[in-house]
**Student:** 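This is the structure, below, for whatever I ask next.
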Amino acid sequence: MLENALERALVARITTIDRLVRRFFELATQGRPGIAALRSLLVDRDPSLAPAESDLETLLFKILRQAGLPPPIRQYRVEIAGHTFYLDAAYPELSIFMEGDGFGVHSARNPFERDRWRQNLLAIAGWLPLRFTWRRLCRSSDGVVSEVTEARSNRQQMVRDRCS
């Protein structure tokens, strides 16, 4: 029923996907019930809206969106050296990935070691890692935006240099 209503509204030009996505994020950040059904419909249309694995990822996406940066792809799948990895957020066309770092996930020895091994494999394959903590996102969101912007700019210049 929701999907039919969504399609009718789009066909009748009552709304657009961009407007729906903006409204979705306004409502989702307020913790409203029932938002999951709309999320699944929007994800079908735009895979970058796939659910975040943590509140830290959600905050990162919100900060980037508010800064007007293009949305990275969530949980981007990469295969390297026979291993499959899912990156929290990625700009694959620029080989940039962003990861949320927290004590809860990286407090035990094995996950910590695996994460460093994984990052090294990705870096060797040409990926640029950017890692952000909850504290950094909350206290220095402008710094996070600056770093992502600079990384994107540097990588775009590298692509232009290779093409010329």
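Quick caveat, the model's predicted, so the values are computed rather than measured.
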**Student:** Check whether any side-chain heavy atom of I63 lies under 4.5 Å from a side-chain heavy atom of V145, and answer yes or no.
**Tutor:** yes
**Student:** Between Y86 and R74, is there a donor-acceptor pair closer than 3.5 Å when you use the side chain of the first and the backbone of the second?
**Tutor:** no
**Student:** In this structure, would Y91 and M158 fall into the same cluster of hydrophobic residues linked by side-chain contacts under 4.5 Å?
**Tutor:** no
**Student:** For S153 and T149, indicate whether the former's side chain and the latter's backbone hold a donor-acceptor pair under 3.5 Å.
**Tutor:** no
**Student:** How long is the gap from CG on L56 to CG on D101, to the nearest 0.5 Å?
**Tutor:** 8.0 Å
**Student:** Enter the distance from F61:CZ to L137:CG here, rounded to the nearest 0.5 Å.
**Tutor:** 11.5 Å
**Student:** Would a single hydrophobic cluster contain both I73 and I80, if residues Ile, Leu, Val, Met, Phe, Trp and Tyr are joined by side-chain heavy-atom contacts under 4.5 Å?
**Tutor:** yes
**Student:** From Y76 OH over to I96 CD1, what is the distance, rounded to the nearest 0.5 angstrom?
**Tutor:** 13.0 Å
**Student:** Do the non-hydrogen side-chain atoms of C138 and L59 ever get within less than 4.5 Å of each other?
**Tutor:** yes
**Student:** Are side-chain heavy atoms of S95 and L128 found at a separation under 4.5 Å?
**Tutor:** no
**Student:** Quick check: do M98 and D88 have side-chain heavy atoms less than 4.5 Å from each other?
**Tutor:** no
**Student:** With rounding to the nearest 0.5 angstrom, report the CZ to OG1 distance, R13 to T16.
**Tutor:** 11.0 Å
**Student:** Applying side chain to side chain contact (heavy atoms under 4.5 Å, CB included), run through L6 and L2 and close with a yes or a no.
**Tutor:** CA-CA 6 Å; L6 173 69; L2 178 60; 5.5 Å; no
**Student:** Answer yes or no for R116 and F112: cation-pi contact, defined as NZ/CZ to six-membered ring centre under 6.0 Å and angle to ring axis within 45°.
**Tutor:** yes
**Student:** Are side-chain heavy atoms of F85 and Q119 found at a separation under 4.5 Å?
**Tutor:** no
**Student:** For residues L94 and Q156, determine if any side-chain heavy atom of one lies less than 4.5 Å from a side-chain heavy atom of the other.
**Tutor:** yes
**Student:** Decide if atom CZ of R135 counts as having more than 12 heavy atoms of other residues, nucleotides or ligands within a radius under 6.0 Å.
**Tutor:** no
**Student:** Once the angle between the rings of W127 and F97 is folded into 0 to 90°, is it parallel (under 30°), tilted (30 to 60°) or perpendicular (over 60°)?
**Tutor:** perpendicular
**Student:** Would you mind checking if E147 and R136 are paired as a salt bridge, meaning a charged N to carboxylate O distance below 4.0 Å?
**Tutor:** yes
**Student:** Any ion pair linking R152 and E150 (charged N to carboxylate O, less than 4.0 Å)?
**Tutor:** no
**Student:** If we ignore hydrogens and angles and just use 3.5 Å, is the side chain of S164 paired with the main-chain N or O of D161 as donor and acceptor?
**Tutor:** yes
**Student:** Pairing donors with acceptors under 3.5 angstrom, does anything connect the side chains of E57 and Q75?
**Tutor:** yes
**Student:** Are R131 and D115 ion-paired here, with the side-chain N under 4.0 Å from a carboxylate O?
**Tutor:** yes
**Student:** Could you state the interatomic distance from CZ (R8) to OG1 (T15), rounded to the nearest 0.5 Å?
**Tutor:** 14.0 Å
**Student:** Using a 4.5 Å cut-off on heavy atoms from C-beta on, say whether the side chain of R109 contacts that of E113.
**Tutor:** yes
**Student:** Can you check whether L87 reaches R118 side chain to side chain, under 4.5 Å on heavy atoms?
**Tutor:** yes
**Student:** Just verifying a value: how many Å separate L121 CG and H83 NE2, rounded to the nearest 0.5 Å?
**Tutor:** 6.5 Å
